Protein chains: 2
Amino acid sequence: MNIEINFQTHVPIYIQIMDQIKHKIAANEIAPGDQLPTVRQMAADLRVNFNTIARAYRLMDEDGIISTQHGRGTFILDQPTGKEAEKLRRQDLERLTHHYLIEAHKLGHSPEEVKDIFLETLDLWEKNGAPSLPDDKK
Amino acid sequence: MNIEINFQTHVPIYIQIMDQIKHKIAANEIAPGDQLPTVRQMAADLRVNFNTIARAYRLMDEDGIISTQHGRGTFILDQPTGKEAEKLRRQDLERLTHHYLIEAHKLGHSPEEVKDIFLETLDLWEKNGAPSLPDDKK
DNA sequence: TATACAATCATACAAAGATACAATCATACA
DNA sequence: TGTATGATTGTATCTTTGTATGATTGTATA
């Protein structure tokens with residue numbers, strides 16, 4: 001499932017799980033009908049208590065994003081389309097941006113420094129058609 | 001854990017705790033990955049309020065010495081050597097930037113779109129002194 | 001004295017874990 | 001088929017652990 005938990009940030013584990021699953025849905029990495037790992041399986045992968053996974057699943061279930069079924073498993077539901085989907089994509093981008101800046105800030109970088117490398121890397125994207133790493137020759 | 005508090009001296013308890021833990025780390029009496037006593041456990045040992053322990057832990061957490069995790073406990077972190085950390089800072093920022101753009105790209109956003117929201121969020125950082133989310137009411 | 005501030009404490013809360021339980025499934029077998 | 005049984009999956013509840021907020025205490029200083 002390829003979810004990664006950062007135990008040092010003080011963002012709750014269940015929030016991190018929800019964010020990453022929502023992102024995977026928005027990015028079409030997982031599709032409606034797909035089964036998520038069982039609470040115990042994902043808990044073992046992430047080395048976390050399975051109640052923490054169950055909590056993330058329950059909240060997403062209440063939001064109508066997934067369907068958890070006692071004794072059966074949990075599955076991705078049909079996602080909103082059109083305008084709603086567009087809004088979700090936008091929100092996810094905002095979240096990604098915020099997360100990016102938070103991490104850069106924690107590393108001690110200044111806004112100017114971040115802006116420089118961002119624009120440089122964005123430039124490569126526009127030139128190459130896809131994001132790529134700047135050459136590290138210096 | 002063998003920490004001793006001198007209630008006579010006017011050195012704050014939380015400072016005494018931090019000093020002694022830092023010393024134990026420097027002296028290799030405790031190593032990265034080791035779990036520290038819970039705030040309540042150490043508070044009972046030292047006959048002190050657990051918030052005082054929590055304060056010492058929080059400050060060391062902010063300094064990157066330990067990792068306090070809600071509901072899990074607190075653990076000794078790898079101690080950055082300074083030189084290595086400095087070298088990795090730039091590289092980390094590049095990696096973060098690349099990851100950010102990759103994920104935004106997966107969401108189907110265009111470079112222009114990403115640039116807009118990035119600059120907007122960066123602006124908030126410069127204004128507020130720390131990264132924050134743009135208000136989503138519109 | 002009075003005021004301000006830092007250190008500590010008291011209380012209520014939130015996140016995560018441990019344990020026991022209930023629903024469903026898979027299999028064997030009458 | 002129908003049912004018994006064990007495995008698998010999610011759920012409920014309580015405990016443990018750190019967090020947030022405000023009150024209390026002691027001390028320096030105007």
Side-chain angles (χ1 to χ4, degrees), chain A residues 1 3-22 30 33-77 99 102 106, chain B residues 1 3-22 30 32-77 130 132:
Chain A
M1 191 57 188
I3 284 181
E4 291 189 1
I5 300 300
N6 181 344
F7 292 100
Q8 286 179 233
T9 184
H10 284 192
V11 177
I13 297 171
Y14 73 96
I15 299 284
Q16 295 187 45
I17 293 170
M18 291 198 296
D19 282 347
Q20 291 184 49
I21 291 180
K22 286 182 191 171
I30 48 182
D34 287 356
Q35 177 167 15
L36 289 174
T38 69
V39 291
R40 285 173 176 79
Q41 182 58 55
M42 183 176 286
D45 290 349
L46 305 184
R47 263 161 275 241
V48 141
N49 188 277
F50 66 79
N51 286 290
T52 302
I53 311 296
R55 183 176 186 175
Y57 282 7
R58 177 171 53 76
L59 290 171
M60 287 192 292
D61 181 274
E62 288 169 359
D63 284 346
I65 297 172
I66 64 178
S67 166
T68 70
Q69 300 170 19
H70 197 165
R72 295 172 49 82
T74 100
F75 306 85
I76 308 291
L77 287 179
H99 178 257
I102 287 281
K106 276 199 295 197
Chain B
M1 193 56 188
I3 283 182
E4 293 187 359
I5 300 301
N6 181 345
F7 292 99
Q8 315 304 330
T9 184
H10 285 188
V11 177
I13 297 171
Y14 73 97
I15 298 286
Q16 295 187 45
I17 293 169
M18 289 198 298
D19 284 347
Q20 291 184 48
I21 291 179
K22 286 180 190 172
I30 47 182
D34 286 357
Q35 177 166 14
L36 289 174
T38 69
V39 291
R40 284 173 177 79
Q41 182 58 56
M42 183 175 286
D45 290 348
L46 305 185
R47 262 159 280 241
V48 141
N49 188 277
F50 66 80
N51 286 290
T52 303
I53 312 295
R55 182 176 188 171
Y57 281 10
R58 178 172 52 76
L59 291 170
M60 289 192 291
D61 180 275
E62 287 168 358
D63 285 346
I65 297 172
I66 63 178
S67 166
T68 69
Q69 299 171 22
H70 200 165
R72 293 170 55 89
T74 100
F75 306 86
I76 308 291
L77 287 179
S132 51

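It should be emphasised that the depicted structure is a prediction, and the values quoted were computed from it without experimental measurement. Chain letters run A, B, ... following the sequence lines, proteins first and then strands; every chain starts at 1.
In this structure, the CD1 atom of Ile17(A) is 8 Å from the P atom of dA16(C), given to the nearest Å. Computed from coordinates, the Arg47(A) CZ to dA18(C) P distance equals 15 Å when rounded to whole Å.
Contact between the side-chain N/O atoms of Tyr14(A) and the OP1/OP2 oxygens of dA15(C) is found at a separation under 4.0 Å. For Thr52(B) and dC9(C), the shortest distance from a side-chain N or O to OP1 or OP2 is below 4.0 Å.
Residue Arg55(B) is classed as a base contact, given a heavy-atom separation below 4.0 Å to a base.
Atom CD1 of Ile30(B) is separated from atom CD1 of Ile66(B) by 9.0 Å, given to the nearest 0.5 angstrom. Atom-to-atom distance recorded for Ile5(A):CD1 and Gln20(A):CD is 5.5 Å, nearest 0.5 angstrom. Rounded to the nearest 0.5 Å, atoms OG1 (Thr74(A)) and CD1 (Ile21(A)) are 7.0 Å apart. Atom CE of Met42(B) and atom CE of Met1(B) lie 5.0 Å apart (nearest 0.5 Å).
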If you look only at distance, which donor and acceptor atoms sit under 3.5 Å apart when one is on a side chain in residues 56-64 of chain A and the other is two or more places apart or in another chain?
unit_1, atom_1, unit_2, atom_2, d
Tyr57(A), OH, Pro37(A), O, 2.8
Arg58(A), NH1, Glu62(A), OE2, 3.4
Asp61(A), OD2, Thr68(A), N, 2.9

Which atom pairs, donor and acceptor, lie under 3.5 Å between side-chain atoms of residues 45-52 of chain A and protein residues at least two apart or in another chain?
unit_1, atom_1, unit_2, atom_2, d
Asp45(A), OD1, Gln41(A), NE2, 3.1
Asn49(A), OD1, Asn51(A), N, 2.8
Asn49(A), OD1, Asn51(A), ND2, 2.8

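Heavy atoms only, all atoms of each residue included: Gly33(B) and Phe75(B) are closest at O-CD2, 3.8 Å. Across every non-hydrogen atom of His10(A) and Gln8(A), the tightest pair is CD2-O, 3.2 Å.
Thr9(B) places a side-chain heavy atom less than 4.5 Å from the side chain of Gln16(B). Counting only heavy atoms from C-beta outward, the side chains of Val11(A) and His99(A) never approach each other to under 4.5 Å.
Along DNA chain D, the nucleotide closest to Leu36(B) and the one closest to Asn51(A) are compared, and the more 5′ of them pairs with Asn51(A). Comparing Thr74(A) and His10(A) by the nucleotide of DNA chain D whose heavy atom lies nearest to each, the residue mapping closer to the 5' end is Thr74(A). If Val48(A) and Gln69(A) are placed on DNA chain C by their nearest nucleotide, the residue sitting closer to the 5' end is Val48(A).
Counting only Watson-Crick and G-U wobble pairs whose two distances sit under 3.5 Å, DNA chain C takes part in these stems of three or more pairs: C:1-30 with D:1-30.
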What protein N or O atoms touch nucleotides 20-23 of chain C N or O atoms at under 3.5 angstrom, if any, and at what distances?
unit_1, atom_1, unit_2, atom_2, d
dA22(C), N3, His70(A), NE2, 2.6
dA23(C), O4', His70(A), ND1, 3.3

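You can see that DNA chain D meets the heavy atoms of chain A within a 4.0 Å-exclusive cut from dT9(D) to dT19(D), reading 5' to 3'.
For Ile102(A), the side chain to side chain contact (heavy atoms under 4.5 Å, CB included) partners are His98(A), Lys106(A), Pro131(B), not counting sequence neighbours.
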